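This report concerns only the one structure given below.
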Amino acid sequence: MPEERVANFSAGPSALPISVLEEANKGLLNFNNTGIGIAEISHRSKEFLAFLANLETLIRDQLHVPDTHSILFTQGGGYGQFSAVVLNMLARHTLLHPEAEERTLDYVVTGSWSKKAAEEARRLAAGQRGAKVNVVVDGRPYSKDAKSFDNIPADPTSYAWSTDPALIYYCDNETVDGVQFSGDAQSPTAFPVQQLIAAAQARGAPPLLPLVADHSSSFMSRPIPHLADHAIIYAGAQKNIGPAGLTILIVRQDCLPDVDAAAALGAQPVPFSLAYKTLADSKSVFNTPPVLPIYIAGLVLERAKTLGGVEYFKEMNGRKSAAVYGAIGEGEEKGVFRRKVQQGSESGMNVVFEVLGEGREAEFLKGAEERGMKGLKGHRSVGGIRASLYNAVTEEEVQKLVDYMKEFIGQGSEQEVAA
Ligand SMILES: Cc1ncc(COP(=O)(O)O)c(C=O)c1O
């Protein structure tokens with residue numbers, strides 16, 4: 001590793017593998033022996049289109065995406081999708097039920113990002129007659145202090161689903177709050193897909209759930225439970241697989257509505273660049289796609305493939321987060337750290353905790369920087385410490401953090417003894 005690089009625990013944009021950055025360096029000058037750099041080549045050149053098709057295959061193979069779903073690439077990030085999912089799914093609902101008086105958008109709110117997504121849905125719903133947001137559940141009343149996002153509500157009776165929603169939305173991993181749905185489909189803190197399927201079957205409704213998931217900060221870090229039952233899964237690339245600027249979508253083909261036909265029936269017009277059908281029909285080159293982030297994502301996922309794909313990262317990320325949570329537990333016993341998230345709801349990607357004692361958090365961060373570790377400050381809205389352990393953060397780097405946490409705990413205990 002180049003001497004001047006530090007261990008980067010930033011929440012995003014975040015660390016990328018050194019070998020990929022070195023390879024990308026070459027591609028910036030000469031992409032796939034074309035004699036043209038990747039940032040300079042036409043997005044319609046046969047070399048780039050082949051690279052894009054291969055990126056799709058890498059995602060499809062590693063996540064086992066079935067043929068029922070298209071993989072699309074666009075710009076606009078998570079915020080872009082907060083809007084796009086609402087507009088496309090309202091258009092779909094309008095085409096399916098032109099006479100409906102009401103169109104409900106079901107939001108499961110377990111943290112800051114799903115809360116923001118629900119706020120955007122409320123804004124956009126105001127533009128279509130009969131459209132409204134239903135907050136299925138909000139995690140805050142179930143938290144230790146009754147006001148923080150520190151848990152995935154595990155009791156199924158706390159979820160108030162509506163009957164025939166235009167969409168059902170959740171965020172797999174809440175990057176700010178460090179709360180994540182379990183990756184084990186049988187766990188009480190897994191997203192309750194089975195419950196939704198059973199409820200739809202009991203109503204005799206078609207089994208095509210309008211299920212939408214934000215996977216921005218967990219994409220490719222582990223398999224996605226019930227992937228085939230999702231209508232839309234989306235992710236910004238800038239956590240696990242590449243630079244900011246690329247947004248990846250996995251969309252079931254019945255969720256590529258003809259938005260103009262829907263508008264003729266009273267749905268809101270959808271900007272062309274946000275319509276999933278536009279992206280699908282043009283194979284994601286309707287307008288200029290983010291060529292450089294696509295290139296780097298392709299290199300990252302080629303490397304991931306050789307390592308063993310999402311199964312490999314699930315194991316490795318599991319070891320990393322277990323080590324950090326273990327150190328938090330030790331610190332808690334000594335009164336130095338405090339965990340923020342309830343057991344069973346902890347994120348495997350963004351580990352959050354507090355450092356107890358006046359001025360001690362600043363001391364912790366300063367000590368980390370001195371030891372070559374950066375990006376550990378918690379999100380400005382919630383404070384505390386956040387260690388983001390995305391795919392490119394190595395086990396050695398995590399060990400360095402854990403060793404430092406233990407050293408810090410030792411110092412804290414000595415101070416207590418002295419006092
Ligand atoms: C889970 C999640 N969703 C959405 C967003 C917003 O993404 P963007 O900044 O790409 O719009 C973020 C950003 O960090 C995120 O972590």
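From a predicted model like this one, the values you see are computed outputs, not experimental measurements. Read the numbers this way: they start at 1 and go in the same order the structure lists the ligands and their atoms. All residue numbers in this chain count up from 1 along the given sequence.
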Practice task
Determine, using heavy atoms of Gly236 and all atoms of ligand 1, whether some pair is separated by less than 4.0 Å.
Solution key: no

Problem - Nearest-contact summary for atom 7 (O) of ligand 1 - protein heavy atom, Å - result: Gly78 N, 3.4 Å

Practice task
Please confirm whether the backbone N or O of Leu124 pairs with a side-chain atom of Gln268, one donor and one acceptor, at under 3.5 Å?
Solution key: yes

Fill in the blank from the handout: the protein heavy atom lying closest to atom 16 (O) of ligand 1 turns out to be Thr175 OG1, 2.5 Å

Practice task
For the residue pair Tyr170 and Phe181, categorise the inter-ring angle as parallel (less than 30°), tilted (30 to 60°) or perpendicular (more than 60°).
Solution key: perpendicular

Practice task
Ignoring angles and geometry beyond distance, decide whether Cys171 reaches within less than 3.5 Å of ligand 1 through its nitrogen or oxygen atoms.
Solution key: no

Practice task
Provide, to 0.1 Å, the distance between atom 4 (C) of ligand 1 and the closest protein heavy atom, together with that atom's residue and name.
Solution key: Asp214 OD2, 3.5 Å

Exercise for the section: Determine the interplanar angle of the Phe48 and Phe51 rings, folded into 0 to 90°, and report it as parallel if under 30°, tilted if 30 to 60°, perpendicular if over 60°. Expected result: parallel

Practice task
Around atom 13 (C) of ligand 1, find the nearest protein heavy atom and jot down its residue, atom name and distance.
Solution key: Trp113 CZ2, 3.3 Å

Exercise for the section: Say whether, by atom type as modelled, one donor and one acceptor occur between the side chain of Lys320 and the main chain of Tyr390 under 3.5 angstrom. Expected result: yes

Handout entry: Atoms in ligand 1 with a heavy atom of Asn173 nearer than 4.0 Å
Key = 1 (C)

Exercise for the section: Report the relative orientation of the aromatic rings in Phe272 and Phe286; use parallel for angles under 30°, tilted for 30 to 60°, perpendicular for over 60°. Expected result: perpendicular

Exercise for the section: Pull out every atom of ligand 1 sitting under 4.0 Å from any heavy atom of Gln238, numbered as shown with elements. Expected result: 8 (P), 9 (O), 10 (O)

Exercise for the section: Describe, in one word, how the ring planes of Phe408 and Phe364 are oriented to each other, choosing from parallel (under 30°), tilted (30 to 60°) and perpendicular (over 60°). Expected result: perpendicular

Exercise for the section: Tell me, please: is Lys239 in heavy-atom contact with ligand 1, that is, under 4.0 Å? Expected result: yes

Exercise for the section: Verify, without hydrogens or angle tests, whether Arg44 (side chain) and Val285 (backbone) share a donor-acceptor contact under 3.5 angstrom. Expected result: yes

Problem - Heavy-atom nearest neighbour in the protein, as seen from atom 11 (O) of ligand 1, with distance rounded to 0.1 Å - result: Tyr79 N, 2.9 Å

